[in-house]
There are 2 protein chains.
Amino acid sequence: MGVTINDVAKAAGVSASTVSRVLSDSPRISKKTKMKVRKVIEELEYYPNFIARSLASNSTNTIGLVLCTEAHYLIHNSFFIQAMTGISTYAQENGYNVMYAFNKNEEEDLNIAIKYVSSKSVDGIILFASRVNDKCISYLKKEGFPFSVIGRPDETDGVLWVDNDNFQATYQVTDYLIRDGHTNIAFIGGPAGFNVSKDRFEGFKRSMYVHGLDINESFIFLDGDFSSEFGYECMKKLLENESQSLPTAVVTCDDMQALGVLNALSEKGIDNIAVTGFNNNLLPGINRGAKFTSVDVNAYKLGYYAAKVLIDNILGKEGTPTHYIVPTSLAENKL
Amino acid sequence: MGVTINDVAKAAGVSASTVSRVLSDSPRISKKTKMKVRKVIEELEYYPNFIARSLASNSTNTIGLVLCTEAHYLIHNSFFIQAMTGISTYAQENGYNVMYAFNKNEEEDLNIAIKYVSSKSVDGIILFASRVNDKCISYLKKEGFPFSVIGRPDETDGVLWVDNDNFQATYQVTDYLIRDGHTNIAFIGGPAGFNVSKDRFEGFKRSMYVHGLDINESFIFLDGDFSSEFGYECMKKLLENESQSLPTAVVTCDDMQALGVLNALSEKGIDNIAVTGFNNNLLPGINRGAKFTSVDVNAYKLGYYAAKVLIDNILGKEGTPTHYIVPTSLAENKL
DNA sequence: CATAGTTGTTCAAGCGATTGCACAAACTTA
DNA sequence: TAAGTTTGTGCAATCGCTTGAACAACTATG
């Protein structure tokens, strides 16, 4: 069926080990032999068997992705696909394959991780969006298995990770609003279990503090999810609370939340409240009337560097950083 | 380091082959031995080495995804991530891993396919969105390598594939509009070279015919692309043609086209024309004012069945269909 | 010219499972 | 009780490649 290394060896009149060493361009093989063997490889269209190679070298040249997320969240969030593209790009550049598995909850995540590690089907793992007290992280640490995390984990000691500076991101976008003249700013946060939620809220608070602005407690919504429904509800509450005036700007932690806010506003015919989101994910054309700014987290790069930091580490490259901070940028959205 | 089958064999006082047979639940092993061995496996936390198993059994229990697509297209199209989720689900249910690689053009696609096949790193391949005269398909056919295609290929002979019934889809959505009272309906189609474009137009025509409605030739736009620009232009033409009244509804073949139509309408402040799209891809809430219906192609199921048809075929399951038609459904879009 | 050091290649032992075949023990059957 | 079955287990080859160590053939050195 397939051409094996032995076929090549026979045809070239050398031993299999020589062929193997030609393949890995070993300095112990003479130029002449290399040329000869390479010609035969070409002629026979020989391609090394990936599995056999893995078994012998005790490495699979494959990394595994563990993504836990609920279906509806995925569907309108390009974050994952962008990050996966970034991962795939760096992996391919370095001869690595990428495996993925979508899971529905933390337990499934852990099971997949255990499976990957125990069956030795991958050389390293990339974790998406670390939770507080992430079980996968504890497990992988305990096993001493190479992994990197997209999203800063609780405990960065000895962990490879990439993230935005989420503190900086909300600090920046809040600062941007304040410079634009806003003083009454509402904040809609993410799920309490994620570090990203905490950081984004802190950045917001800090920016307000630095500018000497008070935070109106009734303008703050924490521990929701990253959905448009949550954004909608929060904005509704703001609109219904007649005991006080409205904010002039709303900082949200996700474009979907922002969308919900925009919809609530549009229902009331309000178009003079500035809204900001995260991920730069909304379609151009969506936003007519209200002004909308999104923090682009650069998911492609997050993925790319998550793969880089992991693969470089596996390969034992010298001077590889243990983490990367991928810069965010502000994206103005209009048709 | 890791526990091997030999460790288990030794600890259980049997041979490695017996352990292997216990693992595959061979009927040739007695209940008593199975119990004993299983207990040891449990105790030692033994997990079979995936690679070794693959080498010995000459199968990787892995399928590879070949996705060619341009970055910007990915970003706002949830089709891929949904399909990938469906694939992952069926694969996991059947003990298969999934590898993916994003490519930028047909050549890269082919290279990845060649790599997967030649290095024997996967047991089968899923191709996304077949092109006309797809090189990957020809190659895989020539090699006799198992693969399935999402999107009906030119030549279905001996090919595993899944797709929607595109005729039925536009038939249904047109029917829906007609029952809603519309009689003057415009149609915006896709690129001429694709079967999907033809089928969707036929479905539209058939529905009009069945309801005894005339098709206004100036309401028909064929051979455009699936872009919002094309949708925008077509709608512009309709709006500018003062020699006749406007349609009351517009059937488009993609949500992006629909978005263009909606934008053209919104510019004129028109909100009483019904618009339909494909893919159910626009964010809920995008559409304020105009009514918007999308044909949900059910990408998750397309992926799920693409995996099913492939894996079942690899496993040689009896009576596996060679293709599936995944039903579409209508999705009303509102917040 | 014998000895030591290079250089290039082969040998053979893994890597960790699967699986056809042989064989021993237990059970039928005549 | 001997011969024939059935049942359960082990032996050993195999999958295709990598790699440390051995070795042969040269080249340099004193």
Side-chain angles (χ1 to χ4, degrees), chain A residues 1-38 40-41 44-62 95 115-123 315, chain B residues 1-38 40-41 44-62 95 97 115 117-123 315:
Chain A
M1 188 90 80
V3 181
T4 73
I5 200 171
N6 291 304
D7 300 332
V8 175
K10 211 167 292 172
V14 298
S15 75
S17 34
T18 299
V19 177
S20 173
R21 290 200 167 91
V22 170
L23 245 32
S24 60
D25 202 21
S26 158
R28 295 173 48 193
I29 302 293
S30 69
K31 270 226 159 53
K32 217 173 83 188
T33 307
K34 277 183 186 170
M35 299 276 281
K36 184 175 62 180
V37 172
R38 285 196 183 120
V40 174
I41 288 177
L44 299 186
E45 297 186 4
Y46 167 71
Y47 222 104
N49 182 305
F50 170 77
I51 297 291
R53 181 173 255 195
S54 296
L55 183 59
S57 65
N58 193 31
S59 76
T60 61
N61 269 50
T62 302
K115 184 185 141 192
Y116 279 160
V117 173
S118 308
S119 68
K120 299 204 182 17
S121 21
V122 302
D123 293 346
L315 296 178
Chain B
M1 187 92 82
V3 181
T4 74
I5 202 170
N6 292 304
D7 300 330
V8 174
K10 210 167 292 173
V14 298
S15 75
S17 36
T18 298
V19 177
S20 172
R21 290 195 172 96
V22 170
L23 244 34
S24 59
D25 202 22
S26 158
R28 293 174 50 194
I29 303 291
S30 69
K31 272 226 159 56
K32 219 173 82 189
T33 308
K34 278 183 185 171
M35 300 276 282
K36 185 174 65 183
V37 173
R38 287 198 180 118
V40 175
I41 288 177
L44 298 186
E45 296 185 3
Y46 166 72
Y47 222 104
N49 182 304
F50 170 77
I51 297 292
R53 183 173 253 194
S54 296
L55 183 59
S57 65
N58 192 31
S59 75
T60 61
N61 270 52
T62 302
N97 292 315
K115 184 185 141 192
V117 173
S118 309
S119 69
K120 298 202 183 21
S121 23
V122 302
D123 293 346
L315 297 177

Trainee: Please work out which residues in residues 24-38 of chain B have a non-hydrogen atom less than 4.0 Å from an atom of DNA chain C and list them by number.
Mentor: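 Contacting residues: B:R28.
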Trainee: Grab the CD1-P distance between B:I51 and C:dG14 for me, whole Å please.
Mentor: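 The answer, rounded to whole Å, is 21 Å.
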Trainee: Does any residue of residues 11-23 of chain A have a heavy atom under 4.0 Å from DNA chain C, and if so, which ones, in number order?
Mentor: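 A:G13, A:V14, A:S15, A:S17, A:T18, A:R21 - these, ordered by number, are the residues of the stretch whose heavy atoms sit under 4.0 Å from the strand.
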Trainee: Where is the tightest heavy-atom contact between A:A9 and A:S15, given as atom of each residue plus distance?
Mentor: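 So the minimum-distance heavy-atom pair works out to CB-C, 3.6 Å.
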Trainee: To the nearest 0.5 angstrom, please state how far the CG atom of A:N49 sits from the CG atom of B:N58.
Mentor: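 Separation between the atoms: 8.0 Å.
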Trainee: Calculate the interatomic distance between B:K120 atom NZ and D:dC17 atom C1'; express it in whole Å.
Mentor: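 Answer to the nearest Å: 13 Å.
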Trainee: Hey, what do you get for CZ (A:R28) to OG1 (A:T18), rounding to the nearest 0.5 Å?
Mentor: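 Result: 9.5 Å between the selected atoms.
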Trainee: Provide the closest heavy-atom pair for B:T33 versus B:V14 in the form atom of the first, atom of the second, distance.
Mentor: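 Looking at all heavy atoms of both residues, the shortest contact is CG2-CG1, 4.2 Å.
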Trainee: Rounding to a whole Å, what distance do you find between A:N6:CG and D:dG16:P?
Mentor: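 So the two atoms are 9 Å apart, to the nearest Å.
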Trainee: Is there a side-chain contact between B:V8 and B:V3 in this structure, where contact means two heavy atoms from C-beta onward sitting under 4.5 Å apart?
Mentor: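 The answer is yes, as the side chains (C-beta and beyond) meet within the 4.5 Å cut-off.
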Trainee: Which value, rounded to the nearest 0.5 Å, describes the distance between A:I51 atom CD1 and B:I51 atom CD1?
Mentor: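 One finds 4.5 Å between CD1 of A:I51 and CD1 of B:I51.
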Trainee: Which pairs, protein N/O on one side and nucleotides 23-25 of chain D N/O on the other, fall under 3.5 Å?
Mentor:
none

Trainee: C:dA17 P sits how many Å from B:I5 CD1, rounded?
Mentor: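 Distance check: B:I5 CD1 to C:dA17 P gives 5 Å.
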Trainee: Quick one: is B:Y46 getting a side-chain N or O under 4.0 Å of the C:dA17 phosphate, OP1 or OP2?
Mentor: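 Yes, within the criterion.
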Trainee: Is any side-chain heavy atom of A:I5 less than 4.5 Å from a side-chain heavy atom of A:R53?
Mentor: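 No, side chains not in contact.
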Trainee: For the residue pair B:T60 and B:S121, what are the closest heavy atoms and their distance?
Mentor: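 Nearest heavy atoms, B:T60 then B:S121: OG1-O, 3.5 Å.
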Trainee: Which angle, to the nearest 10 degrees, lies between the helix axes at the two ends of the helix from C:dC1-D:dG30 to C:dA30-D:dT1, each defined by five pairs?
Mentor: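 Angle reported: 50°, given to the nearest ten degrees.
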Trainee: Does the side chain of A:S17 pick up a donor-acceptor pair with the side chain of A:S20 at under 3.5 Å?
Mentor: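 Not at all, the side chains of A:S17 and A:S20 share no donor-acceptor pair under 3.5 Å.
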Trainee: Applying salt bridge (charged side-chain N to carboxylate O under 4.0 Å, His left out), can you list everything that pairs with A:K34, at least two apart in sequence or on another chain?
Mentor: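 For A:K34, the residues satisfying salt bridge (charged side-chain N to carboxylate O under 4.0 Å, His left out) (neighbours in sequence not counted) are A:D25.
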Trainee: Counting side-chain heavy atoms from CB outward, which of C:dG16, C:dT18, D:dC17 is closest to B:R53?
Mentor: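 Of all the options, the side chain of B:R53 is nearest to C:dT18.
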Trainee: Would you say B:V40 and B:V37 make side-chain contact, with heavy atoms under 4.5 Å?
Mentor: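 In short, these two side chains do not touch, never coming nearer than 4.5 Å.
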Trainee: Would you indicate whether the side-chain heavy atoms of B:L23 and B:Y46 approach each other to under 4.5 Å?
Mentor: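 Side-chain contact under 4.5 Å: yes.
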Trainee: Could you give the CG-to-P distance, from B:L55 to D:dG16, as a whole number of Å?
Mentor: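 Distance, rounded to whole Å: 7 Å.
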Trainee: Taking all heavy atoms of B:A16 and all of B:N6, pick out the closest pair and write down the distance.
Mentor: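 Heavy atoms only, the tightest pair is CB-OD1, 3.6 Å.
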Trainee: Classify the side-chain pair A:S24/A:S26 by whether it contains a donor and acceptor separated by less than 3.5 Å.
Mentor: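 Short answer, no.
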Trainee: Tabulate protein N/O versus nucleotide N/O from nucleotides 23-28 of chain C, keeping only pairs under 3.5 Å, one per line.
Mentor:
none

Trainee: Quick one: B:N58 CG to C:dA17 C1', roughly how many Å, whole number?
Mentor: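 Atom CG in B:N58 sits about 13 Å away from atom C1' in C:dA17.
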Trainee: What distance separates B:D123 CG from B:S54 OG, expressed to the nearest 0.5 Å?
Mentor: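 One finds 7.5 Å between CG of B:D123 and OG of B:S54.
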Trainee: For a 4.5 angstrom cut-off between non-hydrogen side-chain atoms, does A:V117 reach B:Y47?
Mentor: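 A side-chain contact is absent here, since even the closest heavy-atom pair is not under 4.5 Å.
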Trainee: Counting any heavy atom closer than 4.0 Å, what does A:F50 reach on the DNA or RNA strands: base, sugar-phosphate only, or nothing?
Mentor: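 Nothing, no nucleic acid heavy atom in range.
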